[in-house]
Amino acid sequence: MTRVKRGYTARRRRKKIRLFASTFIGAHSRLTRTTTQQRMRALVSSHRDRSRKKRDFRRLWITRINAVTREDRIFYSYSLFIHNLYKRQLLLNRKILAQIALSNKNCFDIISNKIKYKSNKIKE
């Protein structure tokens, strides 16, 4: 049996890895072994951070809503605000509420006053 030289196959595999790591710095983009290690590390980080990004944005929206609800005009906390939203069955998610709170505070005040007014009416 003749000897198989893996020149073409190996070169194609290495070229694909180098293309992925072409923006890396130093040996991380030049040497095959470190390039492979950095590629694996980059893929692990991107997979982990996809779910972390969702978590971070949710925290940001909650912080923004909480800051606006605690201002002088509304007088109650984020948790009460969300509780009353669910009680009134208003279908506004945190992303939309945060955008309204940033761009149009008067609209946010109207929403919160309606919620507060109706929840007080239910208690009485």
Side-chain angles (χ1 to χ4, degrees):
M1 230 164 105
T2 58
R3 183 169 73 102
V4 176
K5 298 202 298 186
R6 294 189 26 142
Y8 174 69
T9 312
R11 188 166 50 249
R12 200 169 50 173
R13 182 177 54 83
R14 287 188 208 113
K15 189 176 178 184
K16 195 175 5 174
I17 294 170
R18 280 217 179 96
L19 193 75
F20 180 87
S22 62
T23 58
F24 296 169
I25 295 172
H28 297 306
S29 67
R30 289 189 203 98
L31 304 178
T32 304
R33 187 175 292 173
T34 52
T35 302
T36 309
Q37 290 170 354
Q38 284 305 115
R39 178 174 176 249
M40 286 175 9
R41 185 176 175 152
L43 291 173
V44 165
S45 296
S46 67
H47 176 73
R48 179 195 62 225
D49 292 338
R50 270 194 295 275
S51 58
R52 186 173 284 178
K53 184 169 75 169
K54 296 172 183 64
R55 194 182 320 156
D56 290 342
F57 269 108
R58 184 182 165 93
R59 282 179 61 192
L60 176 69
W61 299 329
I62 289 171
T63 306
R64 285 178 175 171
I65 296 168
N66 193 21
V68 174
T69 53
R70 288 181 184 271
E71 281 181 356
D72 298 337
R73 317 183 261 225
I74 300 173
F75 297 116
Y76 61 95
S77 66
Y78 165 80
S79 58
L80 262 174
F81 179 74
I82 293 295
H83 174 71
N84 290 336
L85 261 179
Y86 277 104
K87 208 186 320 184
R88 297 303 310 147
Q89 294 178 344
L90 282 174
L91 300 174
L92 291 171
N93 61 11
R94 286 162 181 82
K95 179 181 177 182
I96 299 299
L97 283 171
Q99 286 177 351
I100 292 171
L102 278 182
S103 62
N104 195 353
K105 289 190 179 178
N106 293 332
C107 181
F108 192 82
D109 288 342
I110 291 169
I111 292 169
S112 61
N113 288 335
K114 285 230 184 220
I115 293 168
K116 196 177 357 176
Y117 174 70
K118 289 184 179 178
S119 64
N120 288 340
K121 205 173 185 181
I122 292 170
K123 286 180 186 175
E124 294 173 355

**Asked** Can you tell me how far CD1 of Ile100 sits from CG of Asn106, rounded to the nearest 0.5 angstrom?
**Response** 12.0 Å

**Complete:** Distance col, row Ser112:OG vs Leu85:CG, nearest 0.5 angstrom, shows 9.5 Å

**Item:** Donor-acceptor contact below 3.5 Å, side chain Asn113 vs main chain Asp109
**Value:** yes

**Asked** Nearest 0.5 Å, what's the CG-CD1 distance between Asn66 and Ile82?
**Response** 9.5 Å

**Gap separating the NZ atom of Lys95 from the CD1 atom of Ile65, nearest 0.5 angstrom** = 12.5 Å

**Prompt:** For the hydrophobic clusters of this structure (ILVMFWY residues joined by side-chain heavy atoms under 4.5 Å, transitively), does one cluster hold both Ile115 and Trp61?
**Reply:** no

**Request:** May I ask whether Phe57 and Leu102 are part of the same hydrophobic cluster, defined by side-chain heavy atoms of I, L, V, M, F, W, Y residues being less than 4.5 angstrom apart, directly or through others?
**Result:** no

Just distance, no hydrogens or angles: give the donor-acceptor pairs under 3.5 Å from side chains in residues 21-32, sequence neighbours left out.
{"residue": "Ser22", "atom": "OG", "partner": "Leu19", "partner atom": "O", "Å": "3.1"}
{"residue": "Ser29", "atom": "OG", "partner": "Phe24", "partner atom": "O", "Å": "3.3"}
{"residue": "Ser29", "atom": "OG", "partner": "Gly26", "partner atom": "O", "Å": "3.1"}
{"residue": "Arg30", "atom": "NH1", "partner": "Gly26", "partner atom": "O", "Å": "3.3"}
{"residue": "Thr32", "atom": "OG1", "partner": "Arg18", "partner atom": "NH2", "Å": "3.2"}

**Item:** Qualifying residue, where the test is side chain to side chain donor-acceptor pair (under 3.5 Å) with Tyr78 and the options are Arg70, His83, Arg94
**Value:** Arg94

**Message:** Would you compute the distance between atom CD1 of Ile111 and atom CD1 of Ile96 and round it to the nearest 0.5 angstrom?
**Reply:** 10.5 Å

**Message:** I want to know whether Phe108 and Phe81 have ring centres closer than 6.0 Å.
**Reply:** yes

**Asked** Is atom CZ of Arg33 surrounded by more than 12 heavy atoms (other residues, nucleotides or ligands) closer than 6.0 Å?
**Response** no

**Message:** With no hydrogens and no angle check, just 3.5 Å: does a side-chain donor-acceptor pair link Arg88 and Asn84?
**Reply:** no

**Message:** Is there a path of hydrophobic side-chain contacts, each under 4.5 Å between heavy atoms, that joins Tyr86 and Leu80?
**Reply:** yes

**Prompt:** With distance as the sole test, does Lys54 use its side chain to make a donor-acceptor pair with the main-chain N or O of Arg50 at under 3.5 Å?
**Reply:** yes

**Distance in Å, Ile17 CD1 paired with Met40 CE, rounded so as to fall on 0.5 Å steps** = 10.0 Å

